[in-house]
Amino acid sequence: MLDVGCGGGWRGGGGLLSGSARQYVCLDIACGVLRYANNLPSVDVVCADAALLPIRPGSIDYALLINVVNAETDGEQVLREALGLGARVYALSPRAVDNELIRHLIP
């Protein structure tokens, strides 16, 4: 499982789900916030931009994007990168405009 924009990893991703995934990867553009996630068991951390994912297509089964997609900036590119991995993509935002984009790109 790839948690895109995981932040510190405590928001339900790394802290709660890492034990149930064969491999759990926390990815965030803000390297400093990955310190907490880096100390979780069975969690790998990657500091990278979600619009340019350094993950090999076919290497993950699920991509989680919670509060990451911003329709007014690079949201479409972020979603297309995640979809390009060949994984099942779960995305959700608190903003209606972002969820509209998500529904448009993820049937």
Side-chain angles (χ1 to χ4, degrees):
M1 179 174 287
L2 173 65
D3 188 348
V4 178
C6 67
W10 58 80
R11 68 156 163 75
L16 296 175
L17 299 173
S18 61
S20 62
R22 185 176 72 243
Q23 178 182 17
Y24 197 93
V25 179
C26 283
L27 182 141
D28 204 290
I29 196 168
C31 301
V33 301
L34 294 169
R35 278 187 228 122
Y36 173 81
N38 196 39
N39 292 318
L40 294 170
S42 305
V43 173
D44 294 312
V45 297
V46 176
C47 184
D49 186 342
L52 298 165
L53 291 175
I55 307 294
R56 187 178 70 248
S59 64
I60 61 160
D61 297 321
Y62 301 97
L64 182 64
L65 294 89
I66 306 298
N67 300 340
V68 173
V69 175
N70 185 331
E72 296 163 346
T73 59
D74 62 353
E76 184 171 346
Q77 178 62 29
V78 167
L79 280 169
R80 290 191 187 285
E81 281 286 309
L83 290 166
L85 296 173
R88 177 164 279 176
V89 176
Y90 297 96
L92 183 66
S93 173
R95 296 178 353 138
V97 66
D98 301 334
N99 287 318
E100 203 173 298
L101 176 63
I102 291 167
R103 281 190 299 276
H104 176 70
L105 293 177
I106 302 174

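All values below were derived from every heavy atom in this structure, side-chain atoms included, with hydrogens, water molecules and symmetry-related copies excluded. All figures in this text were calculated on a predicted structure; none of them were measured in a lab.
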Cluster check Ile29, Val4: I/L/V/M/F/W/Y, side chain < 4.5 angstrom: no
same_hphob_cluster(Met1, Tyr90) at 4.5 Å side-chain heavy-atom cutoff: yes
CG-CD distance between Leu53 and Gln77, expressed to the nearest 0.5 angstrom: 9.0 Å
Test item: Ile55 and Ile60 side chains (from C-beta on) under 4.5 Å apart, heavy atoms: yes
Asp74 and Asp49, any side-chain heavy atoms less than 4.5 Å apart: yes
Arg88, CZ: over 12 other non-hydrogen atoms inside 6.0 angstrom: no
Separation between CG of Asp3 and CG of Leu27, rounded to the nearest 0.5 Å: 8.5 Å
Side-chain heavy-atom pair Val43, Tyr36 within 4.5 angstrom cut-off: no
Value rounded to 0.5 Å, distance of CG in Leu65 from CG in Asp98: 11.5 Å
Interatomic spacing from CG in Leu101 to CD in Glu76 - rounded to 0.5 Å: 6.0 Å
Nearest-0.5 Å distance that lies between atom OG in Ser93 and atom CG in Asn70: 7.5 Å
Under 3.5 Å: donor-acceptor pair, side chain of Asp28, backbone of Gly7: yes
Straight-line distance of Asp61 CG to Leu85 CG, nearest 0.5 Å: 11.0 Å
Cys6 side chain reached by Leu34 side chain, heavy atoms, under 4.5 Å: yes
Criterion disulfide (SG to SG under 2.5 Å) on Cys47 and Cys31, from CA distance to verdict: CA-CA 5 Å; Cys47 184; Cys31 301; 1.8 Å; yes
Heavy-atom side-chain contact between Leu2 and Ser59 under 4.5 Å: no
Side chain to side chain, Ile102 and Leu79, heavy atoms closer than 4.5 Å: yes
Atom of Val69, atom of Gly75 and distance for their closest heavy-atom approach: CG1-CA, 3.9 Å
Where Cys26 and Ala37 come nearest, the two heavy atoms and their spacing: SG-CB, 3.8 Å
